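Below is one structure, written out as structure tokens, with a few remarks after it.
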Amino acid sequence: MPTISSLTARQILDSRGTPTIEVDCLLSDGSFGRAAVPSGASTGSHEALELRDGDKKLYQGKSVYKAVANVKGPILSKLKGMSVSDQRLIDTALIQLDGTDNKSILGANAILGVSMAVCRARSVSDKKSLWQSLAEQYGVELSGKITLPMPMMNVINGGKHADSGLSFQECMIIPVDFASFSEALRAGDEIFMTLKKLLHDAGHSTAVGDEGGFAPHVKDSKEAFAFLMQAIDAAGYTGRVKLGIDAAASEFYADGTYNVDGKKLTSAELTAYYQELMREYPLISLEDSHSEDDWDGFASLLAASAHTQIVGDDLLVTNVKRIEEALRKKAANAVLIKVNQIGTISETVDAIQLAQKNGWNAVVSHRSGETEDTFIAHLAVGLQTGQIKTGSLSRTDRVCKYNELLRIEEELGEKAAYVSPFTIS
Ligand code: PGA
Ligand code: ZN
């Protein structure tokens with residue numbers, strides 16, 4: 001196995017025009033890997049630290065030159081000459097070099113960029129696709145059929161991702177009943193195009209938000225869902241496409257009150273409101289239904305809706321300690337997986353595999369600030385998560401992940417499968 005010859009990094013821009021870090025890794029056999037790090041807007045307070053320079057004269061304080069310098073300096077000194085045979089050893093070295101729980105010395109962005117770039121360089125050296133190389137590194141058995149992830153497509157954007165006034169951050173369509181990933185993608189795209197026409201005809205803006213979904217000024221989530229149901233029916237997919245939301249409830253929570261859809265609700269009243277929405281619409285997945293430390297709110301919703309996917313994002317932050325707490329408290333049955341919430345690929349995989357071992361679903365996810373990097377498409381296939389959340393059907397920062405999945409599906413040929421991870425459909 002080759003060793004690391006050099007690491008370098010640079011500042012690039014993400015999909016919002018905010019600086020982020022890109023890392024290049026060169027191995028002793030000439031293999032090369034490059035990776036770019038995403039960035040959130042509705043970040044959980046328990047996430048690993050994203051190191052930004054804070055100099056108001058540069059990119060309004062958001063430049064990442066310190067993180068770049070950390071890759072070129074201390075990280076390169078530590079990893080230079082190390083074999084890349086085992087990603088866990090690389091990631092452990094990074095974690096030890098930083099030495100903090102939240103990666104605040106070197107920055108989770110610096111560390112993650114290196115972790116991802118090494119994974120890529122190894123796959124090049126092994127002459128394997130990244131998804132296959134990741135599966136081998138982390139002991140995933142890939143005999144027989146290989147499942148492409150079911151996409152949750154965020155076609156109406158609200159919350160912190162748009163100025164639509166909609167409380168819920170994401171209203172998603174989920175194509176559950178299709179024979180292949182490409183057929184599911186086609187359905188999503190046709191619904192997206194139909195939705196555009198419906199919104200336009202109703203006098204709404206069809207400009208898109210951060211994740212490529214529309215951002216109409218609807219009065220509440222029921223109006224948004226009604227548009228989605230109409231679009232699903234008009235596109236000819238009645239019953240085969242369900243709905244999901246990411247409420248991102250920490251963003252509309254303050255001092256014990258949830259300010260949602262023009263109402264002021266307690267945690268218990270919010271749970272009852274979700275139940276009402278589930279009775280009226282085919283909502284099969286609810287993410288961050290409650291605020292990030294409202295464990296009781298999550299637990300009450302899970303108890304009241306056993307067949308619904310209850311996903312923890314800000315609640316769990318891709319962190320095994322928080323997933324273990326949620327298992328004990330019965331606060332969720334699925335985890336959202338964001339590589340930069342925890343900061344290394346090995347710790348990300350630990351979160352996925354802990355969830356899988358306990359019969360939970362794991363949903364690999366983008367961030368609202370993305371790049372052209374398609375690493376997460378490979379992670380979803382390599383770890384066989386069965387689900388991905390990577391935005392709407394517009395903006396290259398979103399569709400590049402879908403396009404990579406189309407390529408993987410083609411590469412797999414007869415081996416490719418598309419299976420619903422939902423117990424209800
Ligand atoms: P973020 O949004 O990347 O802004 O955190 C995505 C999400 O909340 O799932
Ligand atoms: Zn979320």
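Just so you know, residue 1 is the first one in the sequence shown, and it goes up from there. Just so you know, ligand 1 is whichever comes first in the structure, and atom 1 is the first atom listed for that ligand. Quick caveat: nothing in here was measured; it's all calculated off a predicted structure. Just the heavy atoms: all of them, side chains too, but no hydrogens, waters or symmetry mates, feed the values below.
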Residue pair [X] / [Y], side-chain donor-acceptor N/O under 3.5 Å:
X: S45; Y: E292; value: yes
X: E409; Y: Y418; value: no
X: D313; Y: Q341; value: yes

Between I337 and V363, is any pair of side-chain heavy atoms under 4.5 Å apart?
no
Find out whether L228 and L195 are in side-chain contact, i.e. whether some heavy atom of one side chain is under 4.5 Å from a heavy atom of the other.
yes
Any N/O/S atom of [X] sitting less than 2.8 Å from the Zn ion (ligand 2), backbone or side chain?
X: D314; value: no
X: D313; value: yes
X: E287; value: yes

Proximal ligand 1 atoms for [X], defined as those under 4.0 Å from one of its heavy atoms:
X: D313; value: 7 (C), 8 (O), 9 (O)
X: D246; value: 7 (C), 8 (O), 9 (O)
X: G40; value: 1 (P), 3 (O), 4 (O)

Check whether [X] reaches the backbone of [Y] with its side chain - one donor and one acceptor, N or O, closer than 3.5 Å.
X: S167; Y: D261; value: yes
X: Q384; Y: V381; value: yes
X: S63; Y: Y59; value: no

Could you tell me the residue and atom name of the protein heavy atom closest to [atom], and the distance to it rounded to 0.1 Å?
atom: atom 5 (O) of ligand 1; value: R367 NH2, 2.8 Å
atom: atom 9 (O) of ligand 1; value: K389 NZ, 2.6 Å
atom: atom 7 (C) of ligand 1; value: K338 NZ, 3.0 Å
atom: atom 8 (O) of ligand 1; value: Q169 NE2, 2.9 Å
atom: atom 2 (O) of ligand 1; value: H161 CE1, 3.1 Å

Taking 4.0 Å as the limit for heavy-atom contacts, which would you say applies to [X] with ligand 1: side chain only, backbone only, both, or neither?
X: H366; value: neither
X: A248; value: neither
X: L336; value: side chain
X: K160; value: neither

Proximal heteroatom of D246 relative to the Zn ion (ligand 2) (N/O/S)
OD2
If you measure every N or O of [X] against every N or O of ligand 1, does any of those distances drop under 3.5 Å?
X: E287; answer: yes
X: R16; answer: no
X: S365; answer: no

Is it true that the NZ or CZ of R120 lies under 6.0 Å from the centre of F375's six-membered ring and within 45 degrees of the ring axis?
no
I would like to know whether R322 and D293 meet salt bridge (Lys or Arg N to Asp or Glu O under 4.0 Å); could you show each step before the answer?
CA-CA 10 Å; R322 299 209 35 117; D293 290 311; 3.2 Å; yes
Parallel, tilted or perpendicular: ring planes of F252 versus Y258, cut at 30 and 60 degrees:
perpendicular
Option from K401, R398, K338 for which side chain to side chain donor-acceptor pair (under 3.5 Å) with H366 holds:
R398
